[in-house]
Amino acid sequence: MSLSEIQSRIARAAQDCGRDPDTIRLIAVSKVQPDARVRAVLDAGQRSFGENRVQEAAGKWPAFRADFDGIDLHIIGPLQSNKVRQAMELAQAIHSVDRPKIAHAIARIADETGACPDLFIQVNTGEEPQKAGILPADLDGFVTECRGLSLPVRGLMCIPPVEEEPSLHFALLAKMAARNGLEGLSMGMSGDFEKAISFGATHVRVGSAIFGDRQP
Ligand SMILES: *Cc1c(COP(=O)(O)O)cnc(C)c1O
C-alpha cells in the first residue's frame, strides 16, 4: 500500500470520528526494511519514522539525514540502559519508557546535556509476562516518579496482545492517559490504526502496511 493511501485512510478515520487529521502523527516504522524502500518513502515526503533497535537506527539514519531535512526519529522498541544515551542522541521521541531504571538513566543524561526527547511511557495493558511495559496498576506512581525527575512525558504507548480485540486496550490506554493529564496516545499499527484513531490515538506506528512485509 502506498504512503498516500495510508494518509487518506488516517484522514478518513479521523473525519469519521470528528477529529482533525492534523492531530494524528503517522510514524512510518522502518525497522528491518531495505534502504531503497525507506528512501522511496522519504522521497514521497514522509519525515517521521520509527525504529525498534537503537543499534539499527544508529547504523542507517545518519546517511538518510545527510540527504533529507527534517527527519523525526522515534525509538519504539525496548531500551537497555546502556543504549539510553545513544537513543537520546538519535531520536526526537522515545515511546518505550517502561521502568524506573530507564527513567532515571534518561533523567541523568538530560541533566548532563540539557536536552531530552519527548517521552511516552509504554504500558503493558495485556499484562503479558513476555512483553515490555509498566503494568497498569503501577502506571500512576510511575508517571509521578517521572514528573519528579522533570522528564518530558508526553503520553502513553501500548501494543495490544495479538490474540485480543485491540479496542479494549486502546480504551484502557486513553483512560489512563486522561487520568494522568497526558495528551499523547501512541497506539495503532498496520492492522488496527483506524480503530486506534477512533479511541484518540495521536501517534500511529505503521510498518508493513507502508513498506510491505519485513524480511526476517
Ligand atoms: C514493528 C512495530 C510496529 C509496526 O508494526 P506493523 O504491524 O508492521 O505496522 C509498531 N509498533 C511497534 C512497537 C513495533 O515494534
Side-chain angles (χ1 to χ4, degrees), residues 1-10 13 24-35 37-38 40-42 44 46-61 72-80 83-84 87 90-99 102 117-135 154-167 169-170 172-174 177 184-216:
M1 199 166 287
S2 72
L3 176 68
S4 65
E5 284 173 278
I6 299 296
Q7 288 164 337
S8 329
R9 284 173 58 188
I10 289 173
I24 299 152
R25 171 101 57 116
L26 170 61
I27 300 172
V29 179
S30 48
K31 66 183 181 204
V32 203
Q33 298 289 354
D35 284 1
R37 287 191 191 167
V38 180
V41 170
L42 279 159
Q46 175 69 18
R47 287 297 178 271
S48 295
F49 290 85
E51 289 283 346
N52 260 51
R53 294 169 177 275
V54 177
Q55 203 74 8
E56 185 185 341
K60 65 203 242 198
W61 284 95
D72 186 36
L73 200 58
H74 298 247
I75 296 292
I76 60 174
L79 267 186
Q80 294 161 290
K83 294 281 161 54
V84 167
L90 268 173
Q92 280 61 56
I94 297 174
H95 293 236
S96 43
V97 180
D98 64 352
R99 55 195 192 276
I102 293 296
D118 287 339
L119 303 177
F120 291 75
I121 295 174
Q122 183 174 351
V123 185
N124 186 355
T125 55
E127 308 193 24
E128 296 172 280
Q130 82 288 2
K131 197 168 270 177
I134 195 113
L135 292 172
R154 306 293 182 216
L156 305 180
M157 178 272 227
C158 77
I159 309 171
V162 257
E163 305 292 325
E164 288 183 29
E165 167 54 47
S167 299
H169 297 273
F170 297 154
L172 175 62
L173 199 73
L185 283 171
S186 169
M187 58 190 197
M189 316 202 304
S190 290
D192 55 20
F193 65 88
E194 284 139 320
K195 200 170 270 182
I197 288 168
S198 75
F199 284 93
T202 59
H203 294 68
V204 292
R205 309 178 310 267
V206 181
S208 43
I210 295 174
F211 294 103
D213 285 340
R214 285 180 285 273
Q215 311 297 330

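The model shown is predicted, which means the values in this text are computed figures rather than measured ones. In each ligand, atom 1 is the first atom listed, and ligand 1 is the first ligand listed. In what follows, every heavy atom counts, from backbone to side chain, and hydrogens, waters and symmetry copies are set aside.
- In this structure, Ala209 and Ser190 approach most closely via the heavy-atom pair N-OG, 2.9 Å.
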For ligand 1, find each of its N or O atoms that sits under 3.5 Å from a protein N or O atom, and tabulate the pairs with distances to one decimal place.
{"unit_1": "ligand 1", "atom_1": "8 (O)", "unit_2": "Ser208", "atom_2": "N", "d": "2.8"}
{"unit_1": "ligand 1", "atom_1": "8 (O)", "unit_2": "Ser208", "atom_2": "OG", "d": "2.8"}
{"unit_1": "ligand 1", "atom_1": "8 (O)", "unit_2": "Arg214", "atom_2": "NH1", "d": "2.8"}
{"unit_1": "ligand 1", "atom_1": "8 (O)", "unit_2": "Arg214", "atom_2": "NH2", "d": "3.2"}
{"unit_1": "ligand 1", "atom_1": "9 (O)", "unit_2": "Ser190", "atom_2": "N", "d": "2.9"}
{"unit_1": "ligand 1", "atom_1": "9 (O)", "unit_2": "Ser190", "atom_2": "OG", "d": "2.5"}
{"unit_1": "ligand 1", "atom_1": "9 (O)", "unit_2": "Gly207", "atom_2": "N", "d": "2.8"}
{"unit_1": "ligand 1", "atom_1": "11 (N)", "unit_2": "Arg205", "atom_2": "NE", "d": "2.9"}
{"unit_1": "ligand 1", "atom_1": "15 (O)", "unit_2": "Lys31", "atom_2": "NZ", "d": "2.7"}
{"unit_1": "ligand 1", "atom_1": "15 (O)", "unit_2": "Asn52", "atom_2": "OD1", "d": "2.9"}
{"unit_1": "ligand 1", "atom_1": "15 (O)", "unit_2": "Asn52", "atom_2": "ND2", "d": "3.3"}

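- Every residue meeting the side chain to side chain contact (heavy atoms under 4.5 Å, CB included) condition with Val29, not counting sequence neighbours, appears here in chain and number order: Lys31, Ile76, Arg205.
- By the side chain to side chain contact (heavy atoms under 4.5 Å, CB included) test, Ala132 is found to be paired with Pro78, Asp98, Gln122, residues two or more places apart in sequence or in another chain being considered.
- Applying the side chain to side chain contact (heavy atoms under 4.5 Å, CB included) rule to Ala177 yields the partners Leu156, Leu182, Leu185; only residues at least two apart in sequence or on another chain are considered.
- No donor-acceptor contact under 3.5 angstrom links the side chains of Ser186 and His203, judged on distance only.
- Residue Glu163 qualifies as open at atom CD: its count of foreign heavy atoms under 6.0 Å is 12 or below.
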